[in-house]
Amino acid sequence: MTAYDFSTFPNVKITGIDFSILMEEQLSVLYQAARYCEAMTEADIDTMREIVSEDMTFTHMSGMRQTREEYFADVADGSLRYYAIGMEKPVVKVDGDHGTVTYTSVLNANAYGARGTFRMKGTHHYEKRDGAWIAVNP
């Protein structure tokens with residue numbers, strides 16, 4: 001297994017990208033993004049806390065905003081339940097200790113009682129801290 005074995009994330013499907021053209025740091029950022037998505041599907045709050053900065057805020061499709069801990073509480077109690085996450089056509093950019101992953105999320109989820117597949121395009125921001133990529137607000 002390589003350091004970036006994306007097959008270890010059975011609930012995350014990454015499509016539309018040629019991994020062989022990515023540089024080491026790009027792979028590292030994409031791997032952390034996929035790792036976070038897998039943690040979402042497993043409701044693995046410990047891993048989610050490890051990856052997400054303490055001051056992170058989340059904005060839902062509805063426009064509702066939550067702190068990191070409010071969001072994690074909803075994942076933990078099942079109010080937000082992610083079954084599978086697709087990452088379509090990710091574009092990974094790295095500039096020093098800052099990275100972004102832009103892709104279309106395909107979420108098979110139950111979000112506050114609404115079960116379905118939700119698609120949304122977005123950019124996820126990362127910052128390298130103590131050698132690890134951490135999700136941060138832009």
Side-chain angles (χ1 to χ4, degrees):
M1 178 174 90
T2 68
Y4 305 109
D5 183 359
F6 290 89
S7 70
T8 62
F9 308 127
N11 300 318
V12 178
K13 183 176 181 182
I14 303 172
T15 59
I17 189 168
D18 179 356
F19 292 98
S20 69
I21 65 168
L22 298 179
M23 304 298 289
E24 170 77 17
E25 286 298 299
Q26 290 173 299
L27 280 168
S28 183
V29 172
L30 183 59
Y31 187 84
Q32 192 74 319
R35 184 172 169 241
Y36 178 74
C37 289
E38 183 68 21
M40 289 170 58
T41 67
E42 298 293 331
D44 180 352
I45 305 305
D46 290 337
T47 297
M48 292 169 70
R49 274 197 182 98
E50 177 187 321
I51 296 171
V52 175
S53 70
E54 290 182 11
D55 62 347
M56 182 80 159
T57 57
F58 292 83
T59 303
H60 297 272
M61 290 173 59
S62 66
M64 178 177 76
R65 293 179 57 88
Q66 291 183 301
T67 67
R68 177 180 93 152
E69 292 308 314
E70 289 169 337
Y71 176 74
F72 290 173
D74 285 354
V75 172
D77 73 13
S79 296
L80 286 171
R81 174 70 178 102
Y82 300 97
Y83 301 100
I85 300 175
M87 298 172 74
E88 290 184 350
K89 300 180 182 175
V91 175
V92 185
K93 295 180 180 177
V94 176
D95 182 13
D97 288 341
H98 299 277
T100 59
V101 184
T102 301
Y103 60 94
T104 299
S105 296
V106 183
L107 306 170
N108 179 342
N110 187 332
Y112 305 107
R115 175 72 199 259
T117 300
F118 306 94
R119 297 176 60 86
M120 65 196 92
K121 187 167 183 156
T123 300
H124 305 265
H125 298 263
Y126 291 84
E127 184 176 296
K128 198 167 198 178
R129 298 181 184 169
D130 297 323
W133 290 103
I134 304 298
V136 296
N137 290 318

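Positions are given from 1 along the sequence.
- The shortest heavy-atom contact between V92 and Q26 is O-NE2, 2.8 Å.
- When side chains are defined from C-beta on, H98 does not count as touching H125, because their heavy atoms never get closer than 4.5 Å.
- No side-chain heavy atom of C37 sits under 4.5 Å from any side-chain heavy atom of H124.
- Surrounding CG of D95 are at most 12 heavy atoms belonging to other residues, nucleotides or ligands under 6.0 Å away.
- Salt-bridge check for R49 with E69: passed, with a basic side-chain N closer than 4.0 Å to an acidic carboxylate O.
- Distance check: F9 CZ to Y36 OH gives 13.5 Å after rounding to the nearest 0.5 Å.
- Screening residues 129-138 for salt bridge (charged side-chain N to carboxylate O under 4.0 Å, His left out) gives E127-R129 as the qualifying pairs, with residues at least two apart or on separate chains.
- Between the side chain of R35 and the backbone N or O of F6 there is no donor-acceptor pair closer than 3.5 Å.
- The shortest heavy-atom contact between A33 and M87 is CB-CE, 3.9 Å.
- Residues F118 and V75 share a hydrophobic cluster, clusters being chains of Ile/Leu/Val/Met/Phe/Trp/Tyr side chains in contact below 4.5 Å.
- A chain of hydrophobic side-chain contacts below 4.5 Å, direct or via other Ile, Leu, Val, Met, Phe, Trp or Tyr residues, connects V29 to L27.
- The heavy-atom pair separating V12 from A34 by the smallest distance is CG2-O, 3.8 Å.
- Hydrophobic clustering, with ILVMFWY side chains joined whenever heavy atoms are under 4.5 angstrom apart, keeps V91 apart from V106.
- Between the OG1 atom of T67 and the CD atom of E54 there is a distance of 11.5 Å, given to the nearest 0.5 Å.
- Identified under the ring pair (Phe, Tyr, Trp, His ring centres under 6.0 Å) test for residues 62-82, with sequence neighbours left out: F58-Y71, H60-Y71.
- Using a 4.5 Å cut-off on side-chain heavy atoms (C-beta onward), W133 and S28 make contact.
- Not a single donor-acceptor pair under 3.5 Å links the side chain of N11 to the backbone N or O of E42.
- Remark: K128 NZ is packed, more than 12 non-hydrogen atoms of other residues, nucleotides or ligands lying under 6.0 Å away.
- For the atom pair T15 OG1 and Y103 OH, the distance stands at 11.5 Å (nearest 0.5 Å).
- For F19 and Y4, the ring centers are positioned 6.0 Å apart or more.
- The closest side-chain heavy-atom distance from I17 to L22 is below 4.5 Å.
- In this structure, N137 CG and D55 CG are separated by 6.0 Å, a value rounded to the nearest 0.5 Å.
- Between the CG atom of N110 and the CZ atom of R81 there is a distance of 9.5 Å, given to the nearest 0.5 Å.
- Not one N or O on the side chain of D44 forms a donor-acceptor pair closer than 3.5 Å with the backbone of E38.
- A continuous path of ILVMFWY side-chain contacts below 4.5 Å connects Y112 to M40, so both sit in one hydrophobic cluster.
- A distance of 11.5 Å separates CG of D97 from CD1 of I134, quoted to the nearest 0.5 Å.
- Between T59 and G63, the shortest heavy-atom distance links the atoms CG2-O, 4.0 Å.
- Across all their heavy atoms, V101 and P90 have their closest contact at CG1-CB, 4.1 Å.
- K89 has its side chain out of reach of T104: every pair of non-hydrogen atoms, C-beta onward, lies at least 4.5 Å apart.
- Proximity of L107 to M120: side-chain heavy atoms (C-beta onward) are separated by under 4.5 Å at one or more points.
- Tracing side-chain contacts under 4.5 Å through hydrophobic residues (I, L, V, M, F, W, Y), one reaches V52 starting from M64; they form part of the same cluster.
- Considering only heavy atoms from C-beta on, N108 comes within 4.5 Å of R115 through its side chain.
- Side-chain contact between D74 and Q66 is present, with at least one heavy-atom pair separated by less than 4.5 Å.
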